[in-house]
Amino acid sequence: MMHLRFTKAGVLAALLAGSALAPLPALAAKTELTLGAAAADIGNLDPHYSASTTDRTLVAWVFGGLVRFAPGTTDPATIEPDLAESWESSDDKLVWTFKLRKGVQFHHNYGEVTAEDVVFSLQKSADPQRSAFATDYAAFEKIEAVDPYTVRITLKNVIPSVLGPLANYAGGFIVSKKAYEERGESFSRNPVGFGPFQLDSIEPGVAVHFSAHKDYFRGTPKLTKVTYRFLNAAAARDLAFVAGEVDAATGLADPNWLKRTQAIEGATVDIFDPAELTLLHINTKKPPFDDIRVRRALAYAVDSSRVATYRGAEFTRVAKSVVPSNNLGYTEDNGHVTFDADKAKALLAEAGYPDGLSVKMISSQLPSYESSNQVLQAQLEEVGINMELEPVEHATWHQMIRQDVSPLVSYGAARFPVADVYLSQFFHSSSAIGSPTAVTNFSHCDVADKQIEAARVETDPAKQLELWHEAQRLIIEAVCAIPTTETAGVWARRENLNWGFEFKGSMSLGPLVTELTHFTE
Amino acid sequence: MLPFLIKRLGFAALTLFCVLTLVFLIVRILPGDPALVILGDQASPASIAALHKRLGLDQPVLVQYGQFLLQAVQGNLGNSMVTGRPVSEEILAVLPYTMELTIAALILGVLLGVPAGVWAAVKRNRLPDYVLRFISLLGLSLPAFVAAIILLMVFAIQLRWFPVISAGTGETIADRLRQMALPTIALALIMMTYITRVTRSAMLEVLSQDFVRTARAKGASPATVVWKHALGNCLIPITTVVGLYLGILIGNSVLTEIVFSRPGLGKLILTALTQRDYTLLQGMIVVYTLMVVVVNLLTDLTYGILDPRVQYK
């Protein structure tokens, strides 16, 4: 029989061999950044189709728009020049002329960005055959190149924000016309933009590799390489971050995770907007919730502060309206009621349910949804509402709630931060599920159509705000939905990694890596 | 031999056809819409309809089925609905990862499991036997991902011998081996426990047979008796277990792949399922079915090599 003998020398040798193999700590400031993300793979990097968090995060490094949100914010008031140097509008706000910066270069030697590329990109964004965001451009009548450095946009009617659909977000990204025409379908895996980083290669399911765009118009990026690694398992991602194999990683909006991560030496946590607003949508057209008293009872029965505390106060705020708090047009002065069990019970009794009632809710099995829904379930039980949760897999849930089979729908979403978007998609009757123009109006709400429509074409900013405020008041009054929580995005980061700006928000839902991002030390 | 092969391949083709039809129907009955996954939850019905048309999902199911079969017969598995790349390319991109891990775990599992089983049988009801039986019981009851996390905590975080991310394409062979060491060990441990148990019980049976006593009586050394005469007669059950387990290993390595951040077939099929990527799912089922068929065939053929008495009819 074999006999193993462990000697001190043997163990020491093994340890030494191990440490020799371990990565050496960086002495000089690194120029290669590795991120670990909660994703399995990329979907589509044609920016006009990029819908997932990962795809949105990555296209924001590769592409730019005519204008951009100041890095680190999601506030439309910060929108600043990107490719466009300056712009002006006609007095009636229907014709907009943009002057382009000269000498801006596309990646991979695709030449200078000209008005032709801008026109091509925006026309593509507006075409439902070539874009997922065509509805954002419904009011765009004409997009034309006046000369190589001038673009003129003519609108059919005034819209709440012209710069919004032209910013570095969704359909606003400018693609290289030549590259798109050459690469065709494969453009979605070989994107060409003029952003600070160009895509080098994709290892399916492993990583996406980027390198600095040396001719970037704001200057050569300080980082030379960026690797975006797919580390979908939270445990694996945390371990990779602890071991220093990634410099930043997607976090979990979970108080225990936060405590654990902050305890790691040299680690810090970024918490950023847009916070996802979760609303409890109530089908106002079907019993028992076609009775406003039952809906009001539900509004009194929900104590959002308990859900927020459970999810972690650092990332989760109590929601106070039916549009997210970072939106232009948001108001808290809307008549939203706070928790009151007695009032809830009294209203239920008045509506003919003195012994309470039972209601079913189909819910997603995603952990974040599941835990919040369970807290909600426990709360409702206290006032006599027995909410039966029917958990289904996430994609199944998405389809079932669009078939009107769940009287209650708890739905979290972040949108372009102008109230019109959230109000239109969730509360305008034309978005009601089941209709041919359905989006996500699960409550069949129709009480604020007039205000939402009027706000879209209102040219006086103060009046426009007032219309949005009024819409929120009407929706809250009719209890189409009950605001529950707002959950911010969260990433862990090594302290020696400096994004180059204060990371308080990101329209791309993940860290924006810019020409200024660098390592200290 | 040849009629046996032809018959087996015929059965394989029939199995494949049935599995394909089932999968084709099941993924379409399943709720969830790939277009909604691709376009996101703000998509308008118009763009969803446009995408349905482009993906061919607006056609009647029978027409889709016909087209799918026609393509499959020509060896074309279609394009992934989500990435637009050919399904065969998607699968071939991750197949090497799965194969290298499976084969490495298989070799390690056999190298550890067979001697351990033999040793336990020889030392029956003595300390080594108890220890090995305890270890193998532990291996059987410990879920794969728990073992994987423990390995990572000890060897990647505390000792720092191996990287946490085990998916690298190492530049040298040493790099590559170092990167795949932990997932290999995690899978091999499970493989080993199965093999140890089967080897032990097969050896116990064989060691009590007459020919072993005869071999000892004619003066063969204990080592020759155990390793040549006895073990030689245990190889059929061991091969059966290895063959069976290989199929499981290929399909069930998904947890190992997730914990060690490695790409692989298990992870790919999970993604395809959550994204409702119908074409990719169908293609992967073809590959899985083919693998099981091939492994079974190889196992059957190995019996003939191990035991000349086995006849293929």
Side-chain angles (χ1 to χ4, degrees), chain A residues 1-2 14-15 17-19 21-23 36 40-44 49 51-52 128-129 131-135 185-186 188-189 203-207 229-233 235-237 239-240 242-243 245-246 392-396 398-400 402-403 411 413 415 421 425 435-440, chain B residues 30-34 36-47 49-51 54 82-85 89-90 93-94 97 115 119 122-123 128 145 149 152-153 155-157 159-165 167-169 174 178 257-264 267-268 270-271 273-276:
Chain A
M1 268 320 106
M2 195 174 70
L15 282 174
S19 61
L21 288 170
D41 208 338
I42 53 161
N44 193 324
Y49 275 105
S52 72
Q129 302 292 329
S131 153
F133 308 114
T135 39
E185 286 272 301
S186 76
S188 66
R189 298 183 76 83
E203 286 179 75
V206 181
R229 276 198 169 280
F230 300 113
L231 303 177
N232 213 4
R237 210 162 53 237
L239 290 176
V242 171
E245 287 173 42
V246 294
V392 295
E393 182 268 341
H394 194 65
T396 305
H398 262 300
Q399 192 173 25
M400 288 182 86
R402 284 166 173 76
Q403 292 165 340
Y411 199 96
R415 293 288 178 262
V421 181
Q425 291 185 5
S435 77
T437 50
V439 193
T440 42
Chain B
L30 219 64
D33 181 353
L36 198 60
V37 175
I38 295 166
L39 296 175
D41 61 350
Q42 306 185 55
S44 67
S47 39
L51 187 59
R54 214 174 73 202
V82 175
T83 65
R85 294 206 309 160
E89 245 178 66
E90 293 281 353
V94 300
Y97 286 97
W119 196 30
V122 171
K123 303 274 181 190
F145 64 94
I149 295 273
L152 275 176
M153 292 295 290
F155 295 103
I157 299 292
L159 298 173
R160 305 233 160 182
W161 292 357
F162 302 105
V164 175
I165 303 172
T169 39
R178 195 174 144 245
E257 286 164 8
I258 288 174
V259 174
F260 290 103
S261 319
R262 281 177 66 87
K267 223 156 109 176
L268 191 64
L270 191 69
T271 313
L273 195 64
T274 51
Q275 299 186 326
R276 298 292 189 275

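Proteins get letters first, then strands, A, B, ... in listed order; numbering begins at 1 in each.
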What residue in [options] has the most heavy-atom pairs under 4.5 Å with chain B?
options                            : result
R402(A), M400(A), Q129(A), R189(A) : R189(A)
A240(A), S435(A), A40(A)           : A240(A)
T437(A), N44(A), T440(A)           : T437(A)

Is [X] in contact with chain A via its backbone, its side chain, both, or neither, using a 4.5 Å heavy-atom distance?
X      : result
T83(B) : both
I38(B) : backbone
L39(B) : both

E89(B): what forms a side chain to side chain contact (heavy atoms under 4.5 Å, CB included) with it, not counting sequence neighbours?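 For E89(B), the residues satisfying side chain to side chain contact (heavy atoms under 4.5 Å, CB included) (neighbours in sequence not counted) are R85(B), P86(B).
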With sequence neighbours excluded, residues passing side chain to side chain contact (heavy atoms under 4.5 Å, CB included) with L270(B):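 For L270(B), the residues satisfying side chain to side chain contact (heavy atoms under 4.5 Å, CB included) (neighbours in sequence not counted) are V254(B), I258(B).
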Scan V246(A), V206(A), L239(A) and name whichever one has a side-chain contact (heavy atoms from CB on, under 4.5 Å) with L231(A).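 Among the candidates, only V246(A) passes.
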Please answer whether the main-chain N or O of [Y] pairs with a side-chain N or O of [X] as donor and acceptor at a distance below 3.5 Å.
X       : Y      : value
R276(B) : P31(B) : yes
R237(A) : G36(A) : no
E185(A) : G84(B) : no

What part of [X] lies closer than 4.5 angstrom to a heavy atom of chain B: side chain, backbone, both or neither?
X       : value
P204(A) : both
H394(A) : neither
Y411(A) : side chain
S131(A) : backbone

With side chains defined as the heavy atoms from C-beta onward, is the minimum distance between L30(B) and T396(A) less than 4.5 Å?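 No, their side chains stay 4.5 Å or more apart.
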